[in-house]
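What follows is one structure encoded as structure tokens, with my remarks underneath.
Here the structure is a predicted model, which means the values were calculated and not measured. Just so it is clear, the values below take in all heavy atoms, side chains as well, and ignore hydrogens, waters and symmetry mates. Reminder, nothing fancy here: chain letters follow the sequence lines and each chain counts from 1.
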Amino acid sequence: MPKIELPKAYDAKGVEDAIYQKWEESGFFNPDNLVDAKEPFVISMPPPNVTGILHLGHAFENSLMDAEIRYQRMKGKKAMIVPGTDHAAVATQARVEDNLRKEGIANPRQDLGREELLKRIREYADNSKSVILSQIKKMGTSCDWSRLAYTFDDKRSEAVNELFKMMYEDELIYRGYRVINWSVKGQSTCSDDELVYIDQPVKIYTFKYSKDFPIPIATTRPETKLGDTAVAVNPSDNRYKQYIGQKFVVDVGAKAPLTITIIADDGVDINYGTGAVGVTPAHSPVDFEMYQKNKEIGIIPVIGKDGKMTENAGANYQGLDVLVAREKFVAWLRENNLLIKEEDSTHNVGTSDRFGDVVEALPMDQWFIDVNKKIKNKGRSLKELMKEAVTMGHNGDANKVITITPERFHTIYLHWIDNLRDWCISRQIWWGHRIPIWYCDDCKEVFYSDTNSGHCNKCQSKNIRQDEDTLDTWFSSGAWTFSTLGWPEETPDLLTYHPTNWMQMGYEILFFWMARMILMTTYALDDIPFKDVYIHGMLRDKNGKKFSKSLGNGLDPLEIIEKYGTDALRLSLLRGTTPGNDMRFYEEKVEGARNFVNKLWNISRFIIQSSDNPRIVSVAPEAKTLADKWILNKFNSVINLSTQEMDKYNFSGAIEYLYDFTWSDFADWYLEIAKVEGNKEEILFYILQNILKLWHPFIPFVTESIWQTLGAGKLLMVEKWPVGVQSQDQSSVNDLEVVKEIIGSIRNLRSENKIEPAKKVSVVAIAGNKMKLLTEQAEIIKKLARLEKFTVLADSEKPANSVGTVAGGVQLYLELAGLIDVEAEKKRIEKEIVEAEKYIKGLEAKLGNKEFLDNAPEEIIIKEKEKLEIYIERVKKLKDQRSSLI
RNA sequence: GGACAUUUAGCUCAGUUGGUUAGAGCGUUCGAUUCACAUUCGAAAGGUCACAGGUUCAACUCCUGUAAUGUCCACCA
């Protein structure tokens, strides 16, 4: 067979696309084609939002998922990533509306109308969807494209309707009048989780409603006081308790004089502020709760959906922006000597994460999911189901426990559930699943229907209309793990591949998404959505800043791929990262990873090009020399160790073991030794083919590319993961480590004595009990340490004109014809002696300690004794060398 | 206000259930174009493991406290 010529450097750009195509065409991304595999292993891809193109965070997630799925595929599982995208309701509509405004369409909803705006959004979504899918392919992610899904496609919409129906019929979904978060800019509600809190300077005003009013109150939002209906005080507050139950009529300039009832509430802090709270039920969630306990106080909304004061606020205020109204009201208080105090402070205000404006608290009819109500036939609430799945297991079944890595998020999750309030699921936007509820204008019937039946269920009137609102995007993504597998039908996919096995996500969507998936799945399928959750951190730039558009510090994954290759990007994202912790990312990391990929390429290139018969050697060849035994031993441990790390989802750990073995043990040592000893093709090909397998999950392209060059007809992607055999002869490892140490020491001596690398020098070794070892390995030592002559003696005088050291229990003398700086040498040896003696002293103290001997395990004591012996011997030899210097 | 995390070499980070003279990559210094690779090779310097206590024969590792940084949650008028 002719020798194969390979380029000097790995050309990622030139091979990646073709390799991906080959994988895809093989059909093995689809687990149904993995005929030998039995047990499924499924990952639902967190669907990227169709709001734009993928960023580095997505690249990171793809690297994680694909590393895991390729590992599982090679382990013989029916491995599958179900890919998809998310229509991302509010986020997408907000993005498109923004774009339209930039194009000069000031009010997209009014100007274009529902149909036209939806058309524009759909175009935008379709476009970014196709870009996203091509990017995922570029990352090398081995998704089953035959199962591609979209949260807004027909099949997923069917699941959404079915879920809604179930929950509606179970009376878990209800329509209620509540204070919700309202984005004036987006003209829509936001759930509590969609708020981003920012610190804002505010003024705190302390005032009285009227001269005669007995209790002063404080507020940061004076304009809302036009809608106050009560003052709450602590029932044990001696200053105020005599007023509880009394009503005061005050005129603050609103449409009608306000009737303020003094109510008791344990939540009021006597020592904070004035010890009394002005209650504005319509514009504060907390006050609204008080109102629900004391309905008689009434509720007066004074701010409208447009963010302006309403008629209730009175003629002086109606139509004013809240900030203008605030100033006006404060001015009025001042004029009437009602203002007691003005203080500067800061306050956290909630802003809409999508629209960006400060949200207004408004009372409105909205759709909610009741998380506390006991579910029919289940006897537990959704909240309880959400807890159960991560504690005792769903239905108490220990096989249905979701584990979370790292563990600390477990507590955070549970704590979050405790504070969970009913989930507001309706949004006043158009892009999303329309709420499948219909109203009859004649008989007032409200009924569920997933299609337009054309008539009222009850009175048959044709005068019906569908609810205008759409569903929160998380309603559909909560169903993702099972809606993608065919639910509500009981498809073979659903039976085979659900629950899924592994889910990775950033901690920032832990509550949004994980919690909702658990809610939906335990409720609708009576099962868990996935078994293990892996929480990853966020990528930051070199300075620890978040990547963001506004900072302009973003890195485009495609550009990095273009420059360094996909493998380099993937490796740089996974190397040195641990679950749950943020990581910094910058180009030098990719550069390092690219260098490794190239190293692997050149290792292969060397092995392949020096052979007449490049091939795959599957059976471990027999070890002929000490170095062979050593590398095979090392190799077995690297298989075992990296497999262990993979099983713990510790990708970084696995990579470290592989990296060290590949670059240091295999390339720097074994390949160099192979050049000396020769005739090692079998072992080289054997180890090469296996490290290609071990590396494949992380750097699939380069490994597959080399694999194909080795003349394998099959794809590396579906090769079996190597199994380590327990290594037998540990002494070979130790012996070769001695040889390495000796070579290292000689190199060190050369370097310290400034001997040019090209210059050949001679070394005498006084080997003692290492006689046999050193004689046998003399050739290796000679070549790797670049020696003219390497003489091994059992015992001898120190050669003249030489500098010495002790390594691996052997005295080494490097002959230097008359160039020795005796003083410097003495100093160097003296330093080594001092260090060794210090260490010996510590060991002796330890071994002389009765308590240590009594308490420490036997093996530790033996180990310490061995160390002591070695170091005593070392000092003896060093002293010999020192005395012979004079 | 509450909770959690982080703090290890100049930088970015590993460090498995307590037993290593605490590791890697980058960077730095010195040296090398040796026929797989300069996207390389050899050598070296560099750390009171944030601080203070404690538990233990033994602490980077466990406990308590302090400090700095970061994140999340809750928000009060």
Does a salt bridge link [X] with [Y], judged by any charged N lying under 4.0 Å from a carboxylate O?
X        : Y        : answer
A/Arg421 : A/Glu289 : yes
A/Lys203 : A/Asp344 : yes
A/Glu866 : A/Lys863 : no

With 3.5 Å as the limit, what N/O pairs link the protein to nucleotides 56-61 of chain B?
unit_1	atom_1	unit_2	atom_2	d
B/rC57	O2'	A/Asn849	ND2	3.3

Would you measure the distance from the [atom1] atom in [N] across to the matching atom in [M] and give it in whole Å?
N      : M      : atom1 : result
B/rU40 : B/rA52 : P     : 41 Å
B/rA50 : B/rU56 : P     : 23 Å
B/rU6  : B/rU61 : C1'   : 16 Å
B/rU71 : B/rG53 : C1'   : 29 Å
B/rA44 : B/rU39 : P     : 24 Å
B/rG15 : B/rU20 : C1'   : 10 Å

The contact string for nucleotides 70-77 of chain B, one letter per nucleotide 5' to 3', using protein heavy atoms under 4.0 Å with B, S and - for base, sugar-phosphate only and none, comes out as -SSSBBBB

For RNA chain B, the expected dot-bracket line (Watson-Crick or G-U under 3.5 Å, [ ] crossing, | inter-strand) is (((((((..((((.....[...)))).(((((.......))))).....(((((..]....))))))))))))....

Can you check nucleotides 38-41 of chain B for protein contacts, nitrogen or oxygen pairs under 3.5 Å, and list what you find?
unit_1	atom_1	unit_2	atom_2	d
B/rU39	O4'	A/Asn595	OD1	2.9
B/rU39	O2'	A/Asn598	ND2	3.0
B/rU39	O2	A/Arg594	NE	3.3
B/rU39	O2	A/Asn598	ND2	3.4
B/rU40	OP1	A/Asn595	ND2	3.4
B/rU40	O3'	A/Lys599	NZ	3.3
B/rC41	OP1	A/Lys599	NZ	3.0
B/rC41	OP1	A/Trp663	NE1	2.4

How far does [atom1] of [X] sit from [atom2] of [Y], to the nearest 0.5 angstrom?
X        : Y        : atom1 : atom2 : value
A/Ile706 : A/Gln689 : CD1   : CD    : 12.5 Å
A/Thr274 : A/Ile215 : OG1   : CD1   : 8.0 Å
A/Leu414 : A/Asn419 : CG    : CG    : 11.5 Å

Under-4.0 Å side-chain N/O to phosphate OP1/OP2 contact, [X] with [N]:
X        : N      : result
A/Arg584 : B/rC13 : yes
A/Thr411 : B/rA3  : no
A/Asn748 : B/rA44 : yes

Acceptor/donor pairs from residues 657-664 of chain A side chains to any protein atom, 3.5 angstrom cut, sequence neighbours excluded:
unit_1	atom_1	unit_2	atom_2	d
A/Thr662	OG1	A/Leu658	O	2.6
A/Thr662	OG1	A/Trp695	NE1	3.0

### Query
Base, sugar-phosphate, or nothing for A/Tyr586, non-hydrogen atoms under 4.0 angstrom?
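If one applies the 4.0 Å heavy-atom cut-off, A/Tyr586 turns out to touch the sugar-phosphate alone, with no base involved.
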
| message | Tell me if the side-chain of A/Glu645 makes a donor-acceptor pair with the base of B/rA14, cut-off 3.5 Å, by modelled atom types. | response |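 Such a pair does not exist between side chain and base.
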
| query | Between the base of B/rA36 and the side chain of A/Lys675, is there a donor-acceptor distance below 3.5 Å? | reply |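 Side chain to base: pair present.
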
Could you give the side-chain donor-acceptor pairs of residues 671-678 of chain A under 3.5 Å, partners two or more places apart or in another chain?
unit_1	atom_1	unit_2	atom_2	d
A/Glu672	OE2	A/Lys675	NZ	3.2
A/Glu677	OE1	A/Thr625	OG1	2.9
A/Glu677	OE1	A/Lys680	NZ	2.6

* **5'-most by nearest nucleotide on RNA chain B - A/Asn650 or A/Ile755** =>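 Counting from the 5' end, the first nearest nucleotide belongs to A/Asn650.
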
| Per A/Lys648 side chain, nearest of listed nucleotides B/rU16, B/rA36, B/rG19 |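 Nearest to the side-chain atoms of A/Lys648, counting from C-beta on, is B/rU16.
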
message = Side chain of A/Ser751, heavy atoms from C-beta onward: which of B/rU16, B/rG19, B/rG42 has the nearest atom to it?
response =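 Shortest atom-to-atom distance from the side chain points to B/rG42.
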
What donor-acceptor contacts under 3.5 angstrom involve side-chain atoms of residues 839-846 of chain A, with partners at least two apart or in another chain?
unit_1	atom_1	unit_2	atom_2	d
A/Lys846	NZ	A/Glu864	OE1	3.4

With sequence neighbours excluded, residues passing side-chain contact (heavy atoms from CB on, under 4.5 Å) with A/Pro857: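 If we apply the side-chain contact (heavy atoms from CB on, under 4.5 Å) test to A/Pro857, skipping adjacent residues, the hits are A/Glu859, A/Ile860.
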
According to side-chain contact (heavy atoms from CB on, under 4.5 Å), who are the partners of A/Glu835, at least two apart in sequence or on a separate chain?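 With neighbours one apart ignored, the set is A/Lys831.
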
Pairs flagged by side chain to side chain donor-acceptor pair (under 3.5 Å) wherever residues 585-598 of chain A is involved - sequence neighbours left out:
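Sorted pair list: A/Lys542-A/Glu588, A/Lys563-A/Glu587, A/Tyr564-A/Glu587.
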
Extract all donor-acceptor atom pairs below 3.5 Å that involve side chains of residues 574-583 of chain A and protein atoms in other chains or at least two apart in sequence.
unit_1	atom_1	unit_2	atom_2	d
A/Arg575	NE	A/Glu656	OE2	3.1
A/Thr577	OG1	A/Leu574	O	3.0
A/Thr578	OG1	A/Asn581	ND2	3.1
A/Asn581	OD1	A/Arg408	NH2	3.1
A/Asp582	OD1	A/Tyr507	OH	2.8
A/Asp582	OD1	A/Met538	N	2.8
A/Asp582	OD2	A/Tyr507	OH	3.1
A/Asp582	OD2	A/Arg540	NE	2.8
A/Asp582	OD2	A/Arg540	NH2	3.0

Please tabulate, for the side chains in residues 219-229 of chain A, all donor-acceptor contacts under 3.5 angstrom to protein atoms that are two or more places apart in sequence or on a different chain.
unit_1	atom_1	unit_2	atom_2	d
A/Thr219	OG1	A/Arg221	N	2.8
A/Arg221	NE	A/Glu223	OE2	3.0
A/Arg221	NH1	A/Glu360	OE2	2.7
A/Arg221	NH2	A/Glu223	OE2	2.8
A/Arg221	NH2	A/Glu360	OE2	2.9
A/Glu223	OE1	A/Arg326	NE	2.9
A/Glu223	OE2	A/Arg326	NH2	3.0
A/Thr224	OG1	A/Arg221	O	2.8
A/Lys225	NZ	A/Asp228	OD2	3.3
A/Lys225	NZ	A/Gly278	O	3.2
A/Lys225	NZ	A/Thr280	OG1	3.3
A/Asp228	OD1	A/Thr280	OG1	2.5
A/Asp228	OD2	A/Tyr209	OH	2.4
A/Thr229	OG1	A/Gly298	O	3.1

